[in-house]
Every structure is written in C-alpha cells, then in structure tokens.
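Keep in mind it's a predicted model, so treat the numbers as computed, not measured. Protein chains get the first letters and strands the later ones, always in sequence-line order, with residue 1 at the start of each.
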Amino acid sequence: MEDLGKLIQTRIDKIKTIREMGINPFPYNYTVTDFSRDIIDNFDEYSRNNVEPKTVSVAGRIMAVRLMGKAAFCSIHDKKGNIQLYVAQKNIGDSLYEMFKHLDIGDIIGVGGIVKKTQVGEITVYADSLTLLTKNIRPLPIVKEKDGEVFDAFSDKELRYRNRHLDLLVTHGVKETFEKRIKIIKTVKRILDGKDFLEVETPVLLPIYGGANAAPFTTHHNSLDMMLYLRISLEPYLKRLIVGGIDRVYEIGKCFRNEGMDRTHNPEFTMLELYQAYADYNDMMTLTEELFETSCIEIHGTTEIEFDGHKIDLKRPWRRLKMVDAIKEYAQIDVESLSDDEMKVLIKKKGGEIKGAFIRGLAINEIFELYVEEKMIQPVFITHQPLETTPLCKVDYEDERYLQRFELFINGHEYANAYSESNDPVFQRKTLYEQSLRRDVDAEVSPMDENFVQAIETGMPPTGGLGIGIDRMVMLLTGERSIRDVLLFPTMKPDK
RNA sequence: GGGAAAGUAGCUCAGUAGGUAGAGCACCGCCCUUUUAAGGCGAUGGUCGCCGGUUCGAAUCCGGCCUCUCUCACCA
C-alpha cells in the first residue's frame, strides 16, 4: 500500500489540508536577509558587541526534523550550508505550529527569529515566524551524519547522476566540486583576459569538421536539407580569427566526439583553446604553467596536491623533455636507431597497432604512449613529437623530422596540447590533403576543409596555439577520479 | 567491444545451498518544550531489474536482455 505513489499522495493531501488552513503552500516570494554560514560565523563577534540577540530572516529546505510535542528542532539547508531552527508552539502560535506539524523533509520554508545558542551550544535560529514557501511531495533520500561520519549516504552512482538535483542536496562535497570547477574556469579567464585575449564564441554546428582526429556526431538541418557536424575541436574557427586580425583569442566551450565513454571520456566535454599571434610553443608552455599553477593555488592555497596517491607539485617551471629523449630515459629505447621492423616488434609486444601503412613518426609516438606516458607523474612538457602526428604544426627548424609541439603530462595523462601553428599555406594544403587521403584506413581523420586552407592562404601570422581539456584539469584540481563527477549532467543512457 | 561485480521497500542494506521476504531511516498514528543518526510505543509498505526456461512451486537454479559501477581495449 505504501509505495512511492502513496507517499506522494499523502503529501498531496497535506497540500489540501494546508490550503484549508488558509495558507498558500506556494507563495510568490520571501525576503531573505541572512544565510546559514554567515549567521554561525558572525555569532561570536555579534554577541560581543550587542546585548540583544540578532534578528534574522532565513530560508531553506528542511533536511531534518526532531519533533518533541510542543516544540521541535529542525535543520534547514540554504545556499551556504545548514543551520538549526528551534520551532516552539508558544513562539509561533497554535495555528502555525499545527501547520508546521504537517511539513516534511524536503519542504522549503522561510523563518524569522533571533539567534541564540542552545544548551549544548549549537547556534540556532529561534523562530518567531514561519512561512511555508514550497511544499515537497517527492521524498528526499535521508542522509544522516554524526561526528563527521555519514550514514545511509545517497551512494548509488546511477541514481546520483540521473538525479543530480538530489545529489547536490544530500551528498556532501558535490556542490563544492562544482563551485571549484567554476572557480577554475574563472581563474583561467581572468588570466587570459588580463593578457588581452579576446573571448569568443564560434559555431558548434558545422558543415565540415576538423582540428583533431575524432569521429564526429552528425545531425541534419531540415530547411537547408543538409548534414551538419558537431565540432570536435575549436581550432579551425579560432585560427580564422587570428587571420582576421584578432591577435589573441580564446574560447572555452563544448566539443563533441562520437567515441567510447570511460572514466576520462564523455561524449561532450569542455575544451579551452587559445591562439596568440607572434608567439610560439615556448610562450604556450609559460602560459600553461601559469594557468595550472594559479588555478591550483586558487583552489588549494598551495601548488602541491595529491592525486591517485601521488604527490604532485604544480610549481613552475616544469620540466621540458623531447619525446625521443623521454623514451630513452624512461624506456631505455633509442628509437632513432631502430629499424622499422624493430619498432613494429616493440609496438606489437605492448599490444599497440599502426593503422594503415607503417609510418616511422607515428610509430615513435605509439612507442611513447605504450612505454612512457603512464610514467609521467610530475608535470612535464613532452616536446618535439614526430611531424607525422599532426598536419597543423610547424616543424622544428633544428630538426625537421620533429615538430614545435608539446603535450603536457601529469599523473600519466595528457592535459594540454600546443603547437607553433603551421602557417605555410602551401605546406598546409599539401599536408591536409595528404592526411585526408588516409580516411580510407583511418575513419577519424578529418576531411579536407577548403575554406580553412583559403584562410591560411590569406596569411596567418606566426602563432602559438594551446588546447586544454578543462574537465580533466578540474578532475586533477578537485581530486575526482571520474569525469562524471566533474560534469553536472554526464551523458547517460535512457533510464528504463 | 572484452572481463568482473551489482540491481530486493522512497533511501541505505540484510537474507534464503527453491516453499512468494527482513532491518534501520523516511512515511502514517500516539507520547514528548533543548534535540542533533533525538527517544519511546504501534501500524503500513515489496510483480526481490525485465523476459523466458526448469520445477508441484523461482526472489533464489538456468538462458537471454536492460541499466549502472569497476576494469581492459579504443580514444591526439
């Protein structure tokens, strides 16, 4: 008899009862002048300077009720935390107290009263007025806590992700993680804005995609009757803006990749990409260090963090290491002296593969990923990737087999990718065309983007470009191990 | 895509080497004016993820499916 429907019906009946008392269970507004955390934090100082107790007006959601006949303690949750209320019949009157007894955990109330400490010393609002602001009809998960130990935590991850509104209300630390996320993004924006980067918005729906190797999502525009792609990176349009004379430009936005999902991959994710004219990949390294170090200090007050059991220090400057030297140091392999066949053996031994024809540069990159990547715990810029790894980057003038590129690795994972951007239009057209020919063996290679090449042909100044996966940066700085815990609404299959 | 674990009351979880289920909290009733995992007394509440099979009988055994978690693979 008492399934969820009955629980809900009971509360719907209460709405009727409350209305019959002449009370609107869904009024229009309430004047809130005080918040839980402030009341508690300011209590001692206020008490020192005043004889009369402070009068406050608070509003929040009822999270616990301890009813004792003619009086009750209850805890309400507002945007700054929790505070205890003391609701006594003799203080708020018989009729209001009768209404109060019909309230449930999950209801939202406004309370006016004075702030005092209880016998056991808890700072409490002694209610002299109480207003029902919203009646809840769907029961909340009940999470209890004593001495910092949590009981009956709302721990089913599926339910948490599908019902983030509940998760935010009852799971300790969830709201804080998302507040940190926004703080990190604001810090990044503040740094870039301070360096005169212009923040822009570029299209998400595109007739052609590029800037990375990834399978795109497709959609259809009805009135144009054409296929459109969701962007897989921000690069092609930001570079057009560099050509257009916006010398420092960035975007923080969603990109979409139609690939597998796991602890570090969600189909939609947030990228930072920035481009700076007249700069190169060395400038991008300096900037990357500043973005990470400053964000870390903003969150932790220090450059030292712990992640996955590793102590990591983000204090700049960070080590810079050429890819082939990293392979030498961490895998004792001198890739440049190996024959093609020897490289194939090394890749096969670790279960790797090369798509299509064997290309030496891609094999070196593969060997790095298989043998070295996971060992890069402290922040390190791995530089000079083989030129075949991307057609959008300039080769190094000292050794044209390698690129002026870096990837930032921390804790064995890639966090940033940057180039001295390719701006030789003849080279660009050739490499993009040649790469597009590989589409028959590698479905993730982008098609040729003629308009983009024409933009480069117009003349793009020497430019440094940088991309950072914001979700992973947030994971690193919040200690979360799953990307789903730093996304408010991670992608889920439909609930059956 | 592979492997492992899981899905039982609104929430958190027990359980039974096959005989249609239990606890705590929540909810409902009663008592209680300083509680804080409040307490006391009482009551209600479940197609035990879905579909099929075996069986006199399935929540339990078998098969398939769905969802989620972890993990491996894939992934600039």
With A:Arg61 via side chain to side chain donor-acceptor pair (under 3.5 Å) - residues at least two apart: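 Partners of A:Arg61 by the side chain to side chain donor-acceptor pair (under 3.5 Å) criterion come out as none, since no residue qualifies.
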How would you label the contact of [X] with the nucleic acid (heavy atoms, under 4.0 Å): base, sugar-phosphate, or nothing?
X        : answer
A:Glu145 : sugar-phosphate
A:Asp156 : sugar-phosphate
A:Phe154 : sugar-phosphate
A:Arg11  : sugar-phosphate

More than 12 heavy atoms of other groups within 6.0 Å of A:Glu434 CD: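 Yes.
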If I pick the [atom1] atom on [M] and the same atom on [N], what distance separates them, to the nearest angstrom?
N      : M      : atom1 : value
B:rG40 : B:rA59 : P     : 35 Å
B:rG10 : B:rG46 : C1'   : 12 Å
B:rG53 : B:rA58 : P     : 11 Å
B:rC28 : B:rG45 : P     : 16 Å
B:rC66 : B:rC51 : C1'   : 10 Å
B:rU44 : B:rG24 : P     : 14 Å
B:rA76 : B:rG2  : C1'   : 24 Å
B:rC48 : B:rC61 : P     : 15 Å

Candidates [options] - which lies nearest the side chain of [X]:
X        : options                : answer
A:Gln119 : B:rA37, B:rU34, B:rA76 : B:rU34
A:Ser155 : B:rC68, B:rA37, B:rU12 : B:rU12
A:Tyr161 : B:rC32, B:rU69, B:rU34 : B:rU69
A:Glu158 : B:rC28, B:rU12, B:rU67 : B:rU67
A:Glu122 : B:rU33, B:rU67, B:rU35 : B:rU35

Is any side-chain heavy atom of [X] less than 4.5 Å from a side-chain heavy atom of [Y]?
X        : Y        : result
A:Lys394 : A:Asn423 : yes
A:Ile62  : A:Leu85  : no
A:Thr134 : A:Asp107 : no
A:Asn82  : A:Ile76  : no
A:Glu421 : A:Glu235 : yes

Is there a donor on the side chain of [X] or the base of [N] sitting less than 3.5 Å from an acceptor on the other?
X        : N      : answer
A:Asn213 : B:rA76 : yes
A:Thr118 : B:rU35 : yes
A:Tyr126 : B:rU34 : yes
A:Gln84  : B:rU35 : yes
A:Tyr86  : B:rU33 : yes

Mind checking the [atom1]-[atom2] spacing from [X] to [Y]? Nearest 0.5 Å is all I need.
X        : Y        : atom1 : atom2 : value
A:Ile364 : A:Glu369 : CD1   : CD    : 12.5 Å
A:Tyr415 : A:Arg472 : OH    : CZ    : 8.0 Å
A:Asp471 : A:Leu487 : CG    : CG    : 5.0 Å

How many Å lie between [atom1] on [X] and [atom2] on [N], as a whole number?
X        : N      : atom1 : atom2 : answer
A:His172 : B:rA37 : NE2   : P     : 16 Å
A:Lys116 : B:rU33 : NZ    : P     : 18 Å
A:Glu259 : B:rG1  : CD    : P     : 15 Å
A:His102 : B:rC28 : NE2   : P     : 9 Å
A:Phe100 : B:rU35 : CZ    : C1'   : 12 Å
A:Tyr419 : B:rA76 : OH    : P     : 11 Å
A:Leu387 : B:rA76 : CG    : P     : 17 Å
A:Leu140 : B:rA26 : CG    : C1'   : 10 Å

Tabulate protein N/O versus nucleotide N/O from nucleotides 22-25 of chain B, keeping only pairs under 3.5 Å, one per line.
unit_1	atom_1	unit_2	atom_2	d
B:rG24	N2	A:Asp152	OD2	3.4
B:rC25	O3'	A:Lys144	NZ	3.3

Both distances under 3.5 Å, Watson-Crick or G-U wobble: report the partner of [N], or none.
N      : result
B:rU33 : none
B:rC25 : B:rG10
B:rG1  : B:rC72

RNA chain B: 5'-proximal contact among A:Ala153 and A:Met68 (nearest heavy atom):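 The residue whose closest nucleotide sits nearer the 5' end is A:Ala153.
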First of A:Ile105 and A:Arg405 reached from the 5' end of RNA chain B, by closest nucleotide: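 It is A:Ile105 whose nearest nucleotide is closer to the 5' end.
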Mutual orientation of the aromatic rings belonging to A:Phe292 and A:Trp318 [parallel < 30°, tilted 30-60°, perpendicular > 60°]: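 A:Phe292 and A:Trp318: perpendicular rings.
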Cation-pi geometry met for A:Lys54 and A:Tyr46 (6.0 Å, 45°):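 Here A:Lys54 passes the 6.0 Å and 45° test against A:Tyr46.
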Ring-face cation contact, A:Phe358 with A:Lys344, 6.0 Å cut, 45° max: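 Checked: cation-pi criterion met.
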Under-4.0 Å side-chain N/O to phosphate OP1/OP2 contact, [X] with [N]:
X        : N      : answer
A:Arg263 : B:rU71 : yes
A:Arg66  : B:rU35 : no
A:Thr10  : B:rG45 : no
A:Lys14  : B:rC28 : yes
A:Lys157 : B:rC70 : yes

Neighbours of RNA chain B within residues 473-490 of chain A, by heavy-atom distance under 4.0 Å: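 Correct list: A:Arg481, A:Arg484.
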